[in-house]
Amino acid sequence: MGWGEVVVSECDVLVVGGRVLDPETGLDGIRSVAVTDGRITAVLDANDPVPRANRTIDATGRVVAPGFVDLHSHAQTVTGHRLQALDGVTTALDLEGGALPVAQTYALAEQEGRPLNFGFSAAWTSARMQVLDGVVPVAHPSGALTTFAAHQAGARWRGPATPTEVGGILALLEQGVAEGAVGIGVLVGYAPDSERREYFELSRLAERLGVPTFTHARYLSNREPHGSLEGALEVISAAAGTGAHMHLCHVNSTSNRMIEQVAHAIDRARGVGVRVSTEAYPYGAGSTVVGAAFLAPEALEQAGLRPDSLTYLPTNERVRDAAHLRELRETDPGALVVVHFLDETDAGDLALLERSLLLDDVAIATDAMPTVDAAGRPADDRWPLPPGLVSHPRSAGTFSRTLRWLVRERGALSLLEAVRRCTLVPAQVLEAAVPAMRHKGRVQVGCDADLVVLDPDRIGDRATYTHLAPSVGVRHLLVGGTAVVRDGELMTDALPGRPVRSAPRDAASPPSPPSPLSPLRPPVR
């Protein structure tokens, strides 16, 4: 036996004969995995006795890996989770947008039930809307996106706050973390006129509480001043100036065409011990609400965009011109749009996208969006999906596209390294603040039985910008040992997802050190 396997005589589930990948130990070999009571109880080689099992999964010719951990999913509904399950995800967290009030949001999501493990950060935008515009955030089982979309037109939430108001905002965020929020979600790119002092004080709060922040950078632009590099440097400098762990969301989109400079800044900062991490998704388009500050007609040119770079999802049509865009922003500011910032048919643009995905220790994260019907209403929980539903394809295909494109077609990553970026790296981003994450992203005895069995020659995305479809190639998916996908079919009655919450340290307690294999470590040169 190798890798510290434990032999057991019986188990609930036995996954037999697959190519087992454990990114922490480097295991890449034929093994069988035993599961009991939601935990991995043995990792067995061919010479070990075979335990009796209530259920056996034949994984011959397939890959057995930790279930993928998504740090950035706004698709916090049963339908959203089902699409992500067929993409190999077992834990889907909304850490950029978050939730407020936090405790009630968790309670509603638990009551409703989820196929996948779930969790939220404390939502800075909701706190600002409450303090600056008098909005009372209403708990919703899908998080803060409902409040965020509904109150885009608020008069003050995007701008400066007085010191007293900043204190009120931070107090709401601290309460959210006390209720279990997985850090603080900071959509500063949607409130670009908020003061940098507030962002700095927010970072100090995160460091004191021992939780990360998850930032959508302040600027989306290819020009200076107020360019994408400036936005990334603000995140890095806050990490350096406070000691907080600052996570830069979707570096592929917010870096725009400045990815080389942003990549260099992140690499050098990490090299001197600054606690900054990042993520990316493999698409050349983003998605957000049409009322976002950076989508104002007068701001598009600076970002290298035009009105027809935007697709209005309720009609799935390109925005015609500036007048049409102004009309949509006035009449339907919370509606979703797809923003095409790179041309995926252009070799140069595709190389820029690939560069963002190959940064050292970048996590793969989806930025999955809600699925809506032709009228822009959230989809109900029917399965199979009824026709006419729309969303950004990343909501269904991010992880399978990564494996298809970067591993099978491009050979830019080994399968083990790609799996590491989908599992261990995001788990390690969180584990100092969320002890439960030390049991995810790994195939080891004692870890959670969050497992995906996939066909490496077939795994791939089917969703496009005009057609929403689940990915293919995931044969089995276990969440806490319970089958959510079996023989390639979704188990629609399976709702085994459990909440993921932080364990913030007391202000007087010493900070928790990063994991020895944390993506916050200096890179090996």
Is the H72 to F214 ring centre distance short of 6.0 Å? no
Student check: side-chain heavy atoms of V472 and R458 closer than 4.5 Å: yes
Do the non-hydrogen side-chain atoms of I57 and L14 ever get within less than 4.5 Å of each other? no
Test side-chain contact (heavy atoms from CB on, under 4.5 Å) on L336 and M369; report intermediate values, then the result. CA-CA 9 Å; L336 296 177; M369 298 298 288; 3.5 Å; yes
Tested for ring-ring contact (aromatic ring centres under 6.0 Å, His included) against Y283, the lone hit among H392, H340, H250 is H392
Keeping the roles fixed (side chain from [X], backbone from [Y]), state whether a donor-acceptor pair exists under 3.5 Å.
{"X": "Q84", "Y": "V89", "result": "no"}
{"X": "S395", "Y": "S391", "result": "no"}
{"X": "E409", "Y": "L406", "result": "no"}
{"X": "S277", "Y": "V429", "result": "no"}
{"X": "R31", "Y": "L44", "result": "no"}

Do [X] and [Y] pair up side chain to side chain, a donor and an acceptor below 3.5 Å, judged on atom types alone?
{"X": "S356", "Y": "N252", "answer": "no"}
{"X": "D87", "Y": "S400", "answer": "yes"}
{"X": "D381", "Y": "T79", "answer": "yes"}
{"X": "S471", "Y": "D461", "answer": "no"}

Any salt bridge linking [X] with [Y]? Criterion: basic side-chain nitrogen under 4.0 Å from a carboxylate oxygen.
{"X": "D12", "Y": "R55", "result": "no"}
{"X": "R401", "Y": "E344", "result": "yes"}
{"X": "K440", "Y": "E431", "result": "no"}
{"X": "D349", "Y": "R257", "result": "yes"}

About how many Å separate [atom2] of [Y] and [atom1] of [X], when rounded to the nearest 0.5 Å?
{"X": "T242", "Y": "R204", "atom1": "OG1", "atom2": "CZ", "result": "8.5 Å"}
{"X": "E96", "Y": "S121", "atom1": "CD", "atom2": "OG", "result": "8.5 Å"}
{"X": "I364", "Y": "Y281", "atom1": "CD1", "atom2": "OH", "result": "12.5 Å"}

Of all the heavy-atom pairs spanning A206 and T213, show the shortest one and how long it is. CB-CG2, 3.5 Å
H140 vs T105, side chain to side chain donor-acceptor pair (under 3.5 Å): CA-CA, chis, key distance, verdict: CA-CA 6 Å; H140 193 280; T105 299; over 6 Å; no
Verdict with reasoning, Y106 to Q111, per side chain to side chain donor-acceptor pair (under 3.5 Å): CA-CA 9 Å; Y106 272 105; Q111 179 181 345; over 6 Å; no
